Protein chains: 2
Amino acid sequence: MRETGRDQPYHHGDLRRVIIETAMDMLVEQQAWKFTLREVARRAGVSHNAPYKHFTDKAALLNELAFLGFDRLHDSLSLAVRAGGGDFAAELDEMAQAYLRFGAENPALYHLMFGADVAAAAELHMEPRALAPFDLLLEVLRRGQLAGEVIDRPVRGLAAACWAQLHGLTTLKLDGLLRPEKVGEDAIAQALGTLRSGMQMR
Amino acid sequence: MRETGRDQPYHHGDLRRVIIETAMDMLVEQQAWKFTLREVARRAGVSHNAPYKHFTDKAALLNELAFLGFDRLHDSLSLAVRAGGGDFAAELDEMAQAYLRFGAENPALYHLMFGADVAAAAELHMEPRALAPFDLLLEVLRRGQLAGEVIDRPVRGLAAACWAQLHGLTTLKLDGLLRPEKVGEDAIAQALGTLRSGMQMR
DNA sequence: ATCCTATGTTGACAATAGCAACATTGCTTG
DNA sequence: CAAGCAATGTTGCTATTGTCAACATAGGAT
């Protein structure tokens, strides 16, 4: 017996989607990386156990969010590559900027995507959705090699270097560790420059 | 009234140290990054609230551990530099290896040192103890510049590049994200090579 | 000797993840 | 079209945690 009358039917009808959206909203809004299932349920206007009918676990929901994060990251990077307009140097630069921007704009989401909180992070990152951004990077680098602008070494290794550098800069930046007193004024730009030089392009 | 008799006196006498050591042991042992104050107290054989007489907060203890982590990291890096025997390239290489090894051997501690869980991570990282490893890197790079083996650019920027690369590689590795299928066989070595090239040395 | 204070302990509270038992419905199948 | 079943929500519970408050003990200063 529900006292509210005809509004809010017993069966929500689309709870899974709503839960995901609510949770994603919370992640994007919130700076700090805290996350309770019950809070999500509360915001979704549903009982504290309803989410368990759609996700076996808190980790399951988190995984879903992480995947969505990779989708968004991939979209951002794709756009950036397009903005590069065929010029390799521009493409890579745009990608780097887009990557860093993504992290800066979605701190909690980024932490979720790469943090150790996600159960079985290793498996998650081998899923196609999580691999998409990396594949994009691989393509760009391959084209760079074809254009003779990137040193002739295994692409995957070069991609790893790019990725690690971007990931490192992103997380350090997110946690407020790239303070000018410590690292100089435009540390990020300089680091990216070092990376470029390392891959030998002008 | 304690029923245990004369062993375990009411006042421990050295609880603060024991708590820190216990907590550090837990962090070093444990792969996963979970940490409850009560568990520390339990292992230390003390009531669940005893730690609060020595640390205002859970975060306070974590900060202490993080500082100890930086001390250890600094020690490891210092040893590595010495192992380099004056040759810049060797010094930097040893340092990089030592850094990565530190992360690999102390996953939970590393996460603690750089994770967002630590309250006020930004401030923490500006403390001298946390800056020591970075300062060491700065020195090595400066000597490299004097020896003409490192490109003449602001050291802090170069250091940021090194640091971000190492930090990125470390965390990615820790979370099991540098899978060979994704990133090639010796991604780490290649990434370090790219970094070296970027700083222009032979 | 006496008291004060640092240090420990017990007991509470609120919040959380997750389990179990129960309620409500829409869809299926006879 | 009726009966019932499975999906979806809800309430209530347990174990655990961080932290606060009140109390206990003991070592050292007065």
Side-chain angles (χ1 to χ4, degrees), chain A residues 1-23 26-27 30 32-66 108 111-112 115-120, chain B residues 1-23 26-27 30 32-66 108 111-112 115-120:
Chain A
M1 72 283 291
R2 68 175 187 285
E3 72 295 346
T4 44
R6 68 235 162 281
D7 47 0
Q8 302 297 71
Y10 191 90
H11 283 99
H12 185 291
D14 204 17
L15 226 203
R16 186 187 162 87
R17 178 187 318 276
V18 170
I19 286 177
I20 291 177
E21 285 173 359
T22 305
M26 286 173 59
L27 266 188
Q30 100 196 117
W33 162 228
K34 272 138 198 160
F35 196 95
T36 74
L37 253 190
R38 285 166 112 102
E39 173 73 13
V40 176
R42 236 171 275 137
R43 287 217 205 181
V46 95
S47 85
H48 65 94
N49 253 349
Y52 283 94
K53 301 296 171 176
H54 299 273
F55 303 92
T56 65
D57 223 326
K58 182 180 178 178
L61 173 56
L62 262 30
N63 277 12
E64 196 65 42
L65 295 181
H111 265 131
L112 170 61
D117 288 25
V118 180
Chain B
M1 72 281 294
R2 68 177 187 284
E3 72 294 347
T4 43
R6 70 236 164 278
D7 48 359
Q8 303 294 74
Y10 191 91
H11 284 98
H12 186 291
D14 203 17
L15 226 203
R16 186 185 162 89
R17 178 188 317 278
V18 170
I19 286 177
I20 291 177
E21 286 173 359
T22 305
M26 285 173 60
L27 266 187
Q30 100 197 116
W33 163 227
K34 272 137 197 161
F35 197 94
T36 74
L37 252 191
R38 284 169 113 103
E39 173 72 13
V40 175
R42 238 170 275 140
R43 288 215 203 182
V46 95
S47 85
H48 65 94
N49 253 349
Y52 282 91
K53 301 296 171 176
H54 299 273
F55 304 91
T56 66
D57 222 329
K58 181 180 179 178
L61 173 54
L62 293 183
N63 278 12
E64 196 64 44
L65 295 181
H111 265 131
L112 170 61
D117 288 25
V118 181

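A, B, ... follow the sequence lines: proteins, then strands. Residue 1 opens every chain. Computed from a predicted structure; not experimentally measured.
Nearest approach of A:R16 to A:H54, heavy atoms of both residues: NH1-O, 3.1 Å. When all heavy atoms of A:P51 and A:I19 are compared, the closest pair comes out as CA-CD1, 3.6 Å. In this structure, A:T22 and A:R43 approach most closely via the heavy-atom pair CG2-CB, 3.5 Å.
Rounded to the nearest 0.5 Å, atoms CD1 (B:I20) and CD (B:E64) are 4.5 Å apart.
At C:dT16, one or more side-chain N or O atoms of A:R42 fall inside 4.0 Å of OP1 or OP2 (strictly under the cut-off). Between B:T36 and D:dT17, a side-chain N or O to OP1/OP2 separation shorter than 4.0 Å is present.
Counting distance only, with no hydrogens placed and no angle test, the side-chain atoms of B:R38 and the base atoms of D:dT19 include a donor-acceptor pair under 3.5 Å.
Mapping A:L37 and A:K53 onto DNA chain C by nearest heavy atom places A:L37 at the nucleotide closer to the 5' end. Take the nearest nucleotide of DNA chain D for B:F35 and for A:D14: the residue whose nucleotide is more 5' is A:D14.
If you check C:dG8, C:dG18, D:dG9 against the side chain of A:A50, the one that comes closest is D:dG9. Side-chain atoms of B:H54 lie closest to C:dT7 of the nucleotides D:dT11, D:dG18, C:dT7. Listed nucleotides D:dG18, C:dT10, C:dG18 differ in distance to A:Y52; the shortest reach to its side chain belongs to C:dG18. In this structure, of C:dA17, C:dG8, C:dG11, it is C:dA17 that holds the atom nearest to the side chain of A:K58.
Here the side chains of A:V40 and A:F35 are in contact, with some heavy-atom distance below 4.5 Å.
Atom CG in A:L62 sits roughly 10 Å away from atom P in C:dA17 (whole-Å rounding). Rounded to whole angstrom, the span from the CG atom of B:L15 across to the P atom of D:dA26 amounts to 15 Å. Between the CD atom of A:E39 and the C1' atom of C:dA14 there is a distance of 15 Å, given to the nearest Å. Between B:H48 atom NE2 and D:dA22 atom C1' the separation is 13 Å, expressed in whole Å. One can place CG of B:L61 at 15 Å from C1' of D:dT17, the figure rounded to the nearest angstrom. Going from atom CZ of A:F55 over to atom P of D:dT8 covers 12 Å, rounded to whole Å. Rounding to whole angstrom units, CZ of residue B:R16 and P of C:dA6 are separated by 15 Å. Going from atom CZ of B:R17 over to atom P of C:dT7 covers 14 Å, rounded to whole Å.
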